[in-house]
Trainee: 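Right, I'll just put the structure down here and ask away after.
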Protein chains: 2
Amino acid sequence: MTLLASPQAPTLASELTLATKGPADVLRGTGDLGVVVERATGSLALVNTSDREIINHIEGLGDLSHASVKFSRDERYAFVFGRDGGLTKVDLLTGRITQRIIQSGNSIGGAISQDGRYIAVANYEPGGVKIFSSDDLTLVADIPTTYEDKNGETQRSKTVGLVDVPGNDFVVSLFDAGEIWTLDMTGKKPGIERYRDIGEKPYDALISPNGRYYIAGLFGEDGLAKLDLWHPEKGVERILPDYGRGEKRLPVYKMPHLEGWAIAGDHAYFPAVGRHEVLMANTADWSLEKRIPVHGQPVFVMSRPDERQIWVNFAHPDNDVVQVIDTRSGEIVKTLEPGKSVLHMEFTPRGEQVWISARDSDHIKVYDTETFEELATLPAESPSGIFFTDRAHKIGL
Amino acid sequence: MTLLASPQAPTLASELTLATKGPADVLRGTGDLGVVVERATGSLALVNTSDREIINHIEGLGDLSHASVKFSRDERYAFVFGRDGGLTKVDLLTGRITQRIIQSGNSIGGAISQDGRYIAVANYEPGGVKIFSSDDLTLVADIPTTYEDKNGETQRSKTVGLVDVPGNDFVVSLFDAGEIWTLDMTGKKPGIERYRDIGEKPYDALISPNGRYYIAGLFGEDGLAKLDLWHPEKGVERILPDYGRGEKRLPVYKMPHLEGWAIAGDHAYFPAVGRHEVLMANTADWSLEKRIPVHGQPVFVMSRPDERQIWVNFAHPDNDVVQVIDTRSGEIVKTLEPGKSVLHMEFTPRGEQVWISARDSDHIKVYDTETFEELATLPAESPSGIFFTDRAHKIGL
């Protein structure tokens with residue numbers, strides 16, 4: 001809270017002047033804001049996509065390697081999930097941390113419920129899901145995600161691939177148990193549904209943009225596990241049986257993130273495991289339709305909001321390049337070099353710009369997605385994930 | 001601008017207290033705001049969907065019958081298009097009008113460009129499109145939309161169905177000329193492409209959510225005119241040749257609004273002309289697949305953001321009812337009675353609530369879309385259109 005919002009109005013002009021410095025000095029809409037994770041310094045760069053500028057840096061967020069961010073439904077607050085188990089609520093208007101807790105030893109990501117009231121965190125160490133009030137980060141529910149191992153002993157499973165879906169549910173995968181759980185947050189206690197034997201070692205998951213299909217990647221075997229949330233009675237089905245074939249048992253950090261899938265029109269575009277290919281499947285029957293040769297091993301495969309382009313970045317040592325596929329032809333139409341170690345990309349809501357983080361160049365590049373013209377270069381400390389506030393309005397983001 | 005944002009900080013506590021009354025008295029995110037058009041009083045009700053409350057009323061907007069609203073890309077400002085040719089820029093944070101102009105004698109709607117810099121208005125009297133700076137509403141371009149009539153004389157056409165599409169273009173239909181124009185706002189002057197002989201008297205149009213298909217309804221003949229903006233070289237094609245058959249030459253005010261179409265998955269749901277039916281077409285070939293019997297003549301046919309439900313309201317005398325179709329079964333699963341003369345519906349961004357305006361009951365009803373529970377009744381003066389700020393982030397809205 002700032003002085004301006006406090007019940008005691010300041011009585012001296014000097015106090016007011018003090019209070020109005022920093023990001024709160026002007027009234028500001030929050031629809032064109034975003035944050036960039038600066039992992040070297042444990043800070044966020046607060047950015048504005050209208051002026052293409054960094055407004056300020058917000059520090060004190062702990063270990064931000066692989067950090068992810070969700071936004072409150074009013075687009076005012078960012079919830080930052082740190083690898084160190086930290087959960088931090090940041091006020092984009094004042095540029096201050098409003099709450100920060102260490103909720104576990106090692107967390108992998110989180111989600112915000114459809115109604116905006118709950119923040120869920122998937123934990124590695126110890127396993128389980130914790131659910132907090134988005135208001136003040138008080139604990140609402142602690143779900144240990146236990147299962148019986150082969151010896152009949154109760155174990156606690158690591159959790160991955162946590163997303164929100166319509167109906168005020170969360171969906172999560174249990175790495176050790178090989179299960180998918182849905183957590184219904186409509187009532188006072190989470191209503192849990194378990195889907196067992198979904199496949200060996202789900203390591204990540206994605207949700208389709210309409211919240212219907214939850215798809216988990218399997219580290220322990222080939223193929224993917226799909227749950228149709230419009231028809232939960234059908235249970236979990238296996239799709240794309242060849243996905244990962246011949247590449248399994250790679251170190252887990254080499255498996256591509258499934259959040260990097262793009263669903264555009266009737267097709268899903270996704271990174272091949274260990275190959276220089278983007279794969280294109282038909283979403284009607286989830287059959288593999290086409291392999292598109294690309295510059296390196298793809299990491300993120302992202303659709304421009306109008307679904308006409310797919311942007312791809314790559315794993316080391318090919319990570320200085322970004323390629324653009326035209327979805328009309330399925331061919332590469334542009335190769336860009338935004339800097340060293342490109343880690344993430346984010347489109348503005350209507351897709352006219354893309355922001356790209358180049359970690360080892362310590363900058364963010366902004367491009368016009370139609371002309372590929374470079375619009376801005378913004379300095380940042382080892383930038384990684386980029387998150388714009390319009391995610392607040394999107395199912396599963 | 002408020003005192004707080006002015007370069008001269010107030011020097012007296014009393015001034016500050018005065019300045020901080022009204023909606024600007026707290027810092028506020030703008031992602032959960034919206035406006036409801038109150039046509040009887042020429043005002044907007046500023047609403048908040050997190051607290052489900054009316055924050056205040058903003059007056060002095062002129063004739064708001066059939067008014068529509070667009071939002072700036074930061075979700076701070078609303079641009080209100082009045083039937084009297086008024087174009088008003090409203091600051092949602094201060095609750096004040098920042099600019100207001102009368103730009104024509106009679107206007108039918110407007111659009112905001114993908115980059116947020118331009119506001120376009122489609123005019124009836126006189127015809128044409130005017131383009132303004134979204135910053136201060138100064139005129140940027142005046143496009144008279146002229147054509148040669150059968151006698152070779154130059155006439156000015158009424159314009160309808162104006163939308164924004166990716167590439168920073170606007171698309172508009174010319175009622176009298178029977179043409180579709182695209183207006184490219186990338187350069188200093190609008191780049192105009194004309195599509196002639198698209199059909200007789202286009203009276204309204206819609207754009208698909210990804211900005212690809214522009215579809216105009218025809219008042220002078222049956223069927224619809226479709227322009228695939230990913231393949232403009234193919235020109236305008238005719239689809240759904242039976243649409244409107246036997247119902248043509250009805251008074252234009254009885255033709256359903258095409259903005260009321262819902263595109264969900266592989267299907268488009270839309271109001272039949274003059275019949276108690278919602279029609280379902282396959283978007284692969286635009287063939288008519290199913291007719292769903294409903295309570296009355298549908299007006300708006302809207303998809304919940306997750307595409308699992310279609311909500312429908314109706315023309316007089318059946319306009320006290322709203323029906324919900326489940327897209328899995330294609331059947332009606334709920335009939336609600338929100339009040340007298342239901343005019344419009346708007347979903348919250350992730351679809352957990354729907355807000356419904358009942359003009360002659362002078363209230364807005366808010367429902368939980370999953371349980372159909374009534375969450376709130378909010379008083380408003382003859383409420384009509386409801387517009388939430390997340391439209392700022394959507395192509396064509």
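Here the structure is a predicted model, which is why all the values come from computation and not from measurement. Throughout, protein chains are lettered first and strands after them, A, B, ... in sequence-line order, and every chain is numbered starting at 1.
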Trainee: So what's closer than 4.5 Å to chain B heavy atoms on A:Thr371: side chain, backbone, both or neither?
Mentor: neither
Trainee: Can you tell me which portion of A:Arg212 sits under 4.5 Å from chain B's heavy atoms? Options are side chain, backbone, both or neither.
Mentor: neither
Trainee: Do A:Glu75 and B:Glu75 pass the side-chain contact (heavy atoms from CB on, under 4.5 Å) test, and can you show the C-alpha distance, the side-chain angles, and the key distance before you say yes or no?
Mentor: CA-CA 10 Å; A:Glu75 297 186 330; B:Glu75 295 185 332; 2.4 Å; yes
Trainee: Could you look at B:Ser72 and say if it's the side chain, the backbone, both or neither that has a heavy atom under 4.5 Å from chain A?
Mentor: neither
Trainee: Which residue out of B:Gly351, B:Ser208, B:Ala392, B:Gly211 racks up the most heavy-atom pairs below 4.5 Å with chain A?
Mentor: B:Ala392
Trainee: Name the residue from B:Asp169, B:Asp115, B:Asp164 that meets the salt bridge (Lys or Arg N to Asp or Glu O under 4.0 Å) definition with A:Arg350.
Mentor: B:Asp164
Trainee: Any Lys/Arg nitrogen of A:Arg73 or B:Glu352 sitting under 4.0 Å from an Asp/Glu carboxylate oxygen of the other?
Mentor: yes
Trainee: Give, as side chain, backbone, both or neither, the part of A:Thr49 having an atom under 4.5 angstrom from any heavy atom of chain B.
Mentor: both
Trainee: For A:Asp368, is it the side chain, the backbone, both or neither that has a heavy atom under 4.5 Å from a heavy atom of chain B?
Mentor: neither
Trainee: Is any side-chain heavy atom of A:Asp74 closer than 4.5 Å to one of B:Thr30?
Mentor: no
Trainee: Against chain A, work out which of B:Arg308, B:His231, B:Glu370, B:Glu307 has the most heavy-atom pairs shorter than 4.5 Å and name it.
Mentor: B:Arg308
Trainee: Measuring from atom CG of A:Asp91 to atom CG of B:Leu27, what distance do you get when rounded to the nearest 0.5 angstrom?
Mentor: 7.0 Å
Trainee: Would one find more than 12 heavy atoms of other residues, nucleotides or ligands at under 6.0 Å from atom CZ of B:Arg52?
Mentor: yes
Trainee: Can you name the closest pair of heavy atoms from B:Asp306 and A:Pro166 and give their distance?
Mentor: OD2-CB, 3.5 Å
Trainee: What part of B:Ile112 lies closer than 4.5 angstrom to a heavy atom of chain A: side chain, backbone, both or neither?
Mentor: both
Trainee: Using a 6.0 Å cut-off, check whether atom CD of B:Glu193 has over 12 heavy atoms from anything other than its own residue.
Mentor: no
Trainee: Quick check on B:Asn48 against chain A: is it the side chain, the backbone, both or neither that has a heavy atom closer than 4.5 Å?
Mentor: neither
